Amino acid sequence: MSLDMETIQQVRAEADCLYTKAELDTAINRLASEITNELADKNPIAFCVMNGGLIFAGQLLPQLDFPLEVSYLHATRYLNETNGGELFWKAKPEISFIDRDILIIDDILDEGHTLSAIIQYCQHAGANAVYTAVLIDKDHNRKAIPGFSANYTGLKCADRFIFGYGMDYKGYWRNAPGIFAVKGL
Ligand SMILES: O=P(O)(O)OC[C@H]1O[C@H](OP(=O)(O)OP(=O)(O)O)[C@H](O)[C@@H]1O
Ligand SMILES: Nc1nc2[nH]cnc2c(=O)[nH]1
């Protein structure tokens with residue numbers, strides 16, 4: 001289905017702002033301190049989960065002022081839709097995980113299928129420890145593993161379809177400067 005720009009503009013205009021840029025900045029600063037306290041002497045590899053993790057990782061990483069390597073991986077199960085499906089690996093990591101501490105950086109923990117599959121992948125690839133950081137954790141009882149949460153969580157949000165700060169609405173508005181919920185979703 002091709003989307004007209006009018007609809008894309010309308011979704012942005014009618015959306016509810018759940019978190020402003022200032023609120024997100026504060027949350028990211030706090031996460032940076034928590035992660036620094038725990039990982040500063042662990043020589044980790046930080047992986048940005050593309051595409052959604054891009055903005056969060058870009059703001060978090062310059063605040064992690066200790067030795068680390070940066071890479072990316074791309075696993076997706078939404079493919080520009082608002083309902084998740086099978087996990088599809090678009091790019092698996094190429095760097096060795098053997099005996100390394102890994103920090104996975106993603107935008108959202110929704111049902112958690114994506115993050116739990118990534119954690120499993122890292123563990124099978126020989127990681128010493130896997131840490132996860134998400135900007136947003138969606139509040140509902142449909143987690144893939146009951147009670148599943150990231151090691152570092154920025155903020156919680158209501159059970160609605162959200163966009164902005166890396167998250168898309170049908171491929172658009174990853175660039176929106178806050179976190180917004182689509183009207184009616
Ligand atoms: O907890 P889950 O229900 O598994 O959903 C969370 C995942 O969904 C989004 O990715 P998406 O598949 O939309 O890919 P994208 O990052 O390229 O938008 C988001 O970036 C997370 O990786
Ligand atoms: N953009 C976006 N991606 C998601 N992936 C899982 N949940 C969501 C959501 O609410 N919004």
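Both counts, for ligands and for their atoms, begin at 1 and track the order of listing. Source: prediction; values computed, not measured.
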**Message:** Quick check on contacts: which atoms of ligand 1 are under 4.0 angstrom from a heavy atom of Arg174?
**Reply:** 15 (P), 17 (O), 18 (O)
**Numbering as shown, the atoms of ligand 1 that approach Thr76 to under 4.0 Å (heavy-atom distance)** = 11 (P), 12 (O), 14 (O)
**Asked** What atoms of ligand 2 come closer than 4.0 angstrom to any heavy atom of Arg160?
**Response** 10 (O)
**Per-atom contacts, ligand 2 versus Asp110 - under 4.0 Å to a heavy atom** = 6 (C), 7 (N), 8 (C)
**Request:** Locate the shortest heavy-atom distance separating Gly52 from Asp106; write the atom from each residue and the value.
**Result:** C-OD1, 4.3 Å
**Request:** Flag yes if more than 12 heavy atoms outside Tyr72 fall under 6.0 Å of its OH atom; otherwise flag no.
**Result:** no
**Asked** Under the ring pair (Phe, Tyr, Trp, His ring centres under 6.0 Å) rule, what pairs show up with a residue in residues 26-55, not counting sequence neighbours?
**Response** Phe47-Phe97
**Request:** Look only at interatomic distance and state if Gly112 has a nitrogen or oxygen under 3.5 Å from any nitrogen or oxygen of ligand 1.
**Result:** yes
**Request:** Return a yes/no value for Gly52: is any of its N or O atoms, backbone included, closer than 3.5 angstrom to an N or O of ligand 1?
**Result:** yes
**Message:** Tell me the contacting part of Ile108 for ligand 1: side chain, backbone, both, or neither, using a 4.0 Å heavy-atom threshold, strictly below.
**Reply:** both
**Request:** Report the member of Asp106, Thr114, Ile136 with the shortest heavy-atom distance to atom 21 (C) of ligand 1.
**Result:** Asp106
**Prompt:** For Asp25 and Arg30, what are the C-alpha separation, side-chain angles and deciding distance, and is it a salt bridge (Lys or Arg N to Asp or Glu O under 4.0 Å)?
**Reply:** CA-CA 9 Å; Asp25 286 348; Arg30 174 180 50 77; over 6 Å; no
**Complete:** To atom 2 (C) of ligand 2, the nearest of Ile162, Val182, Ile179 on a heavy-atom basis is Ile162
**Asked** If we only count heavy atoms from C-beta on, is the Leu155 to Leu24 side-chain gap below 4.5 Å?
**Response** yes
**Asked** Are more than 12 heavy atoms from other residues, nucleotides or ligands located less than 6.0 Å from atom CG of Asn141?
**Response** no
**Distance filter under 4.0 Å to Asp168 heavy atoms, resulting ligand 1 atoms** = 18 (O)
**Side-chain ion pair, Lys143 and Asp110, N-O less than 4.0 Å** = no
**Prompt:** What is the minimum heavy-atom distance between Ala127 and Ile102, and which atoms define it?
**Reply:** CB-CG1, 3.7 Å
**Item:** Numbering as shown, the atoms of ligand 1 that approach Glu111 to under 4.0 Å (heavy-atom distance)
**Value:** 1 (O), 2 (P), 3 (O)
**Request:** Answer yes or no for Phe161: is there a heavy-atom contact with ligand 2 below 4.0 Å?
**Result:** yes
**Asked** Could you go step by step and tell me if Leu68 and Asn43 meet the side chain to side chain contact (heavy atoms under 4.5 Å, CB included) rule?
**Response** CA-CA 5 Å; Leu68 57 74; Asn43 181 26; 5.8 Å; no
**Message:** Distance to the ring centre below 6.0 angstrom and angle to the axis at most 45 degrees; does that hold for Arg12 and Tyr169?
**Reply:** no
**Asked** Ile108 to ligand 2: N or O pair under 3.5 Å?
**Response** no
**Request:** Below 4.0 angstrom from a heavy atom of Asp107, which ligand 1 atoms are there? Numbered from 1 as shown, please.
**Result:** 19 (C), 20 (O), 21 (C)
**Message:** I'd like to know if His74 contacts ligand 1, where contact means a heavy-atom distance under 4.0 Å to any ligand atom.
**Reply:** yes
**Asked** Going by heavy atoms, is Glu111 under 4.0 Å from ligand 2?
**Response** no
